[in-house]
Amino acid sequence: GMLAEYNDLYKSGSYQAALEGYQEIAAKEAYNPYAFYNAGNAYFRMDKTGPAILNYGKAFRLNPRDVDIRANLEFAMKHTGQIFMPEGLPKILHYLYYFFSDRELKAAATALWWALCLLLSFYALKPSVQERLRGLVLGLVLVFGAAILWRAARNSSPFSDAAVITATGTTPLMSGPGDTFKTYATLPEARLVKILDESDDIYYEIGIPREGIKGWVKKTS
């Protein structure tokens, strides 16, 4: 298929041509992790680490269990002085934390909610079976609660509400949304940041959790 054709271009060293193909697939198939993964590979080969991490990150959020996606994202982050897996955290816990994608967690929580509503309705309308259903209702409540807590915990993930500095060179981090505000730090290409707010069509307020600072950057960065 098309993906195999673009992979052949990639293998032959025609990274730009392959990239354009991968981007075409990604535009049509927004939930195809391998289109973003392959685009990340092409960008990395062209020494464009910002767009590479951006695409690896998109692929990871869509399919966090894929070994190659995880490995390439981790390698690219280490290559740019960033940490994919917190030091001291057992690898299995990190793997389990990201085991389900955002879409899978949302779908599971929604399905569990409707199942719980139906079961509670049946429980209320059929007093004769309440004793037998009590354990099932309790179990479903616990599983639903766990899914909600898992989703809430994932909101603190570095990849939640995230963005990547893709501008080459250094990007000024300003104290406010405008060129008149003071620049008090600079961010290198490929730095993973969190989107906190936006003032207009020009500026984002971002946070850099690792350093514990925040500021404003142009959206074009």
Determine yes or no for a side-chain-to-main-chain donor-acceptor pair under 3.5 angstrom, with Arg191 supplying the side chain and Ile165 the backbone.
no

Going from CG on Asp68 to CG on Leu73, what distance comes out if it is rounded to the nearest 0.5 angstrom?
12.5 Å

Are Ile206 and Leu196 grouped together when hydrophobic residues (ILVMFWY) are joined by side-chain heavy atoms under 4.5 angstrom apart?
no

Gap separating the CH2 atom of Trp216 from the OG atom of Ser175, nearest 0.5 angstrom:
11.0 Å

ring-ring contact (aromatic ring centres under 6.0 Å, His included) partner of Phe60, the single match among Phe84, Phe36, Tyr34
Phe84

Take atom NZ in Lys219; do more than 12 heavy atoms of anything else shown fall under 6.0 Å from it?
yes

Is there a path of hydrophobic side-chain contacts, each under 4.5 Å between heavy atoms, that joins Tyr43 and Ile53?
no

Taking NZ, NE, NH1 and NH2 as the nitrogens, is one of them in Glu74 or Arg70 under 4.0 Å from a carboxylate oxygen of the other?
no

Atom CD1 in Ile83, atom CG in Leu192: separation rounded to 0.5 Å?
12.0 Å

The reported gap from CD in Glu20 to CD in Gln23 (rounded to nearest 0.5 angstrom) is 7.0 Å

Do Phe159 and Leu62 belong together in a cluster built from hydrophobic side chains that touch within less than 4.5 Å?
no

Indicate the atoms forming the closest heavy-atom contact of Val217 with Met174, along with that distance.
CA-CE, 4.5 Å

In terms of heavy-atom contacts, does CZ of Phe181 have more than 12 from other residues, nucleotides or ligands at under 6.0 Å?
yes

Considering all heavy atoms of both residues, which atom of Gln82 and which atom of Ala190 are nearest to each other, and what is their separation?
NE2-O, 2.7 Å

Is there a path of hydrophobic side-chain contacts, each under 4.5 Å between heavy atoms of I/L/V/M/F/W/Y residues, joining Val164 to Tyr56?
yes

Donor-acceptor pair, distance only, cut-off 3.5 Å: does the side chain of Lys194 make one with the backbone of Ser157?
yes

Checking Glu104 against Phe99 for the side chain to side chain contact (heavy atoms under 4.5 Å, CB included) test, could you report, in this order, the C-alpha distance in whole Å, the side-chain angles of both residues, the deciding distance, and whether it holds?
CA-CA 10 Å; Glu104 288 170 339; Phe99 186 79; over 6 Å; no

Spacing of Ile25 atom CD1 and Leu3 atom CG [to the nearest 0.5 Å]:
5.0 Å

Determine, using the 4.5 Å side-chain heavy-atom cutoff (strictly less than), whether Ile195 and Ile213 are members of one ILVMFWY cluster.
yes

Looking only at non-hydrogen atoms, find the nearest pair between Pro51 and Thr166 and report the distance.
N-CG2, 3.9 Å

At what distance, to the nearest 0.5 angstrom, does CG of Asn41 lie from CE of Met46?
11.0 Å

Is Ser14 reaching over with its side chain to a backbone N or O of Ala17, donor-acceptor style, under 3.5 angstrom?
no

Nearest heavy-atom neighbours spanning Pro177 and Ser199
CB-OG, 3.4 Å

Test log, rule ring-ring contact (aromatic ring centres under 6.0 Å, His included), inputs Tyr10 and Tyr6:
CA-CA 6 Å; Tyr10 176 85; Tyr6 300 138; over 10 Å; no

Is the NZ or CZ atom of Arg65 both under 6.0 Å from the centre of the six-membered ring of Tyr98 and within 45° of that ring's axis?
no

Does anything in residues 37-63 form a salt bridge (Lys or Arg N to Asp or Glu O under 4.0 Å)? List the pairs, not counting sequence neighbours.
Arg61-Asp102

Whether the side chain of Glu189 engages the backbone of Gly50 through a donor-acceptor N/O pair (distance < 3.5 Å, no angle test) should be reported.
yes

Keeping the roles fixed (side chain from Thr171, backbone from Ala167), state whether a donor-acceptor pair exists under 3.5 Å.
no

Step by step, would you call Asn55 with Tyr22 a side-chain hydrogen bond (donor to acceptor under 3.5 Å, both in side chains)?
CA-CA 11 Å; Asn55 281 273; Tyr22 297 142; over 6 Å; no

Geometric class of the Phe44/Phe75 ring pair [parallel <30°, tilted 30-60°, perpendicular >60°]:
perpendicular

Nearest heavy-atom pair of Ile69 and Pro33: which atoms, and what distance?
CD1-CB, 4.2 Å

